[in-house]
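Below: the structure, in structure tokens.
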Amino acid sequence: MRVFRRGAGWRKPLASCAAPLAALMLGLLPLHSSADPFPVVIDHRYGTTTVPAKPTRIVSLSFIGHDFLLALGERPYALRKWYGSDPYGVWSWGHDALGDAQPVVMQGEIDIERIAAMEPDLIAAQWSGITAQQYALLSQIAPTLPPRTEDGDYGAPWQHMLLRLGTATGKHAAAEAIVTRIEGRFADLREAHPEWQDASAVMAWAGHTRAYTRADIRGQFLSALGFLVQDAPDGRNALNQFYIEFPAEDPSAMDVDALIWLDTGRNVEKLARMPLRHTTRAYREGREIYADKLLSAALSHSSPLSLDYALDQLVPLLEAAVDGDPATVVTSTAGAGLLADGGS
């Protein structure tokens, strides 16, 4: 088994996954009932950033950060497209918030010279992989917001990312309200499903047989529902060990109470042919969930805009997969032709 950077053992969900809002506000400036005053100062892995005034020309370097800005009513001047067919890199759950805006689209590595030419007044760089050297250069262009030290490159909970952007954009109250509403929905689901508490679950990427750990945003989603999720290994770079890749010949990582296969829609046949998949309990007992392209993207973004769609779609599938009755059909898995009996 190989461990990859960015993000073995099963552990109970982190308390922060369902932490009270007050705990999430640590490290941020106090909330204000009216428009937040500037300047604001935000701590991060490379020091502190001061935002002197409300930004109006925001460049988002995060692969998912534009969703968070749009949730706050902030349309980025430029964004970094991750994947998908949308010309602006915004998935369907963000179209209404984007409206008729046409942000500059960047893709691939961070182009500092191009960003400088945009003359931004805020560079949002959580969940971007920004290095210390890049930060040193970007922070000379505009106030730049990297992730917190304790989150690594891609381990920040969605709540923290949203609240920090709320601080930087003067939208604390809006960020707080969104966090409260969505956390409340997760809490209601935990209460409604005691059978999920301490059950094991994992999201795995079908194209590369990799399982996401509790350090990853997808693992955090399952933890917030009460499931036990695989831990990232300890040691150097543990904060950035966000998945483990397992060989198809060793399906032990799939021996869980709920197994969610993420896919772009192109790996169904590969899954059907996976060696030894048929030997796993998830396969035999109908505990596999196939997530199609849109659901997989919603889970992989786990943003304030995509979480509601992800919950709407995944919860009924989890209910079917974890009800303890192998005869209960998981509809998405059946539709992909991946049921144990080959049915659909």
Side-chain angles (χ1 to χ4, degrees), residues 35-36 38 40 42 49 51-130 138-139 141-147 156 158-179 181-182 217 293-310 312:
D36 296 339
F38 286 88
V40 295
I42 306 173
T49 289
V51 184
K54 178 172 176 54
T56 60
R57 197 177 180 91
I58 303 172
V59 170
S60 177
L61 299 185
S62 168
F63 291 105
I64 60 177
H66 48 274
D67 267 15
F68 291 73
L69 288 168
L70 290 171
L72 293 170
E74 300 288 337
R75 296 174 177 177
Y77 175 79
L79 60 82
R80 190 177 181 190
K81 180 179 177 178
W82 187 9
Y83 71 101
S85 59
D86 187 272
Y88 298 108
V90 177
W91 289 76
S92 56
W93 52 78
H95 287 171
D96 288 345
L98 182 66
D100 59 0
Q102 297 181 339
V104 175
V105 176
M106 303 172 287
Q107 200 161 11
E109 297 300 318
I110 295 173
D111 187 336
I112 294 176
E113 291 185 0
R114 186 181 182 193
I115 295 167
M118 297 177 191
E119 300 182 343
D121 51 14
L122 177 67
I123 300 172
Q126 302 181 102
W127 229 81
S128 69
I130 184 175
L138 290 168
S139 61
I141 298 169
T144 301
L145 182 60
W158 66 267
Q159 299 98 318
H160 286 291
M161 287 194 283
L162 183 67
L163 289 167
R164 285 160 62 80
L165 281 174
T167 300
T169 59
K171 295 288 186 70
H172 251 137
E176 179 187 27
I178 293 168
V179 168
R181 182 188 68 78
I182 297 177
I217 200 167
K293 181 178 180 179
L294 190 57
L295 177 55
S296 295
L299 292 164
S300 295
H301 284 70
S302 283
S303 75
L305 295 181
S306 74
L307 282 169
D308 281 314
Y309 177 84
D312 289 345

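For the numbers below, each heavy atom of this structure counts, side chains included, while hydrogens, waters and symmetry mates do not. The residues of the chain are indexed from 1 along the displayed sequence.
The two residues H95 and V90 come nearest to each other via the heavy atoms NE2-O, 3.0 Å. Nearest heavy-atom pair, S300 versus I64, reported as atom, atom and distance to 0.1 Å: O-CG2, 4.4 Å. Between D36 and G166, the shortest heavy-atom contact is OD2-O, 4.3 Å.
With contacts defined as side-chain heavy-atom distances shorter than 4.5 Å, the pair I217/M161 qualifies. Two residues are said to be in side-chain contact when any heavy atoms from C-beta on lie closer than 4.5 Å; I130 and T144 meet this criterion. Side-chain contact between P55 and T169 is present, with at least one heavy-atom pair separated by less than 4.5 Å. Residues I58 and P120 have side chains not in contact (no heavy-atom distance under 4.5 Å, counting atoms from C-beta outward). The side-chain heavy atoms of R80 and S128, taken from C-beta on, include a pair separated by under 4.5 Å. Put simply, the side chain of L61 reaches to within 4.5 Å of the side chain of I115, judged on heavy atoms.
Here R114 pairs with V104, M106, D111, M118 under the side-chain contact (heavy atoms from CB on, under 4.5 Å) rule; sequence neighbours left out.
A side-chain donor-acceptor contact under 3.5 Å links S62 to the backbone of Q126. Between the side chain of S306 and the backbone N or O of A298, at least one donor-acceptor pair lies under 3.5 Å. Not one N or O on the side chain of D67 forms a donor-acceptor pair closer than 3.5 Å with the backbone of S303. A donor-acceptor pair is defined here as one N or O able to donate and one able to accept, closer than 3.5 Å; such a pair exists between the side chain of H66 and the backbone of G89.
L294 contributes atom CG, which lies 10.0 Å from atom CG of L299 (distance to the nearest 0.5 angstrom). If you take CH2 on W158 and CG on L163, they are separated by 8.0 Å, rounding to the nearest 0.5 Å. Within the model, atoms CG of L122 and CG of L165 stand 7.5 Å from one another, a figure rounded to the nearest 0.5 Å. In this structure, the separation between CD1 on I182 and CG on L307 is 5.0 Å, given to the nearest 0.5 Å. Between L79 atom CG and Y88 atom OH the span is 10.0 Å, to the nearest 0.5 Å. To the nearest 0.5 Å, the span separating OG1 on T167 from CG on L145 amounts to 8.5 Å.
Each of W93, F68, Y309 was scored for a ring pair (Phe, Tyr, Trp, His ring centres under 6.0 Å) with H301, with one residue passing: W93.
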> Which is it for D86 and W91 under the side chain to side chain contact (heavy atoms under 4.5 Å, CB included) test, yes or no, and what are the steps along the way?
Replying inline: CA-CA 7 Å; D86 187 272; W91 289 76; over 6 Å; no
With a cut-off of 3.5 Å and sequence neighbours excluded, list every side-chain donor-acceptor pair involving residues 69-77.
unit_1 : atom_1 : unit_2 : atom_2 : d
E74    : OE2    : K54    : NZ     : 2.8
E74    : OE2    : K171   : NZ     : 2.9
R75    : NE     : A97    : O      : 3.3
R75    : NE     : L98    : O      : 3.2
R75    : NH1    : D100   : OD1    : 3.4
Y77    : OH     : R57    : NH2    : 3.0

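The aromatic rings of W82 and W127 sit perpendicular to each other, their planes meeting at more than 60°, with 30° as the lower class boundary.
The number of heavy atoms from other shown groups lying within 6.0 Å of CD (E119) does not exceed 12.
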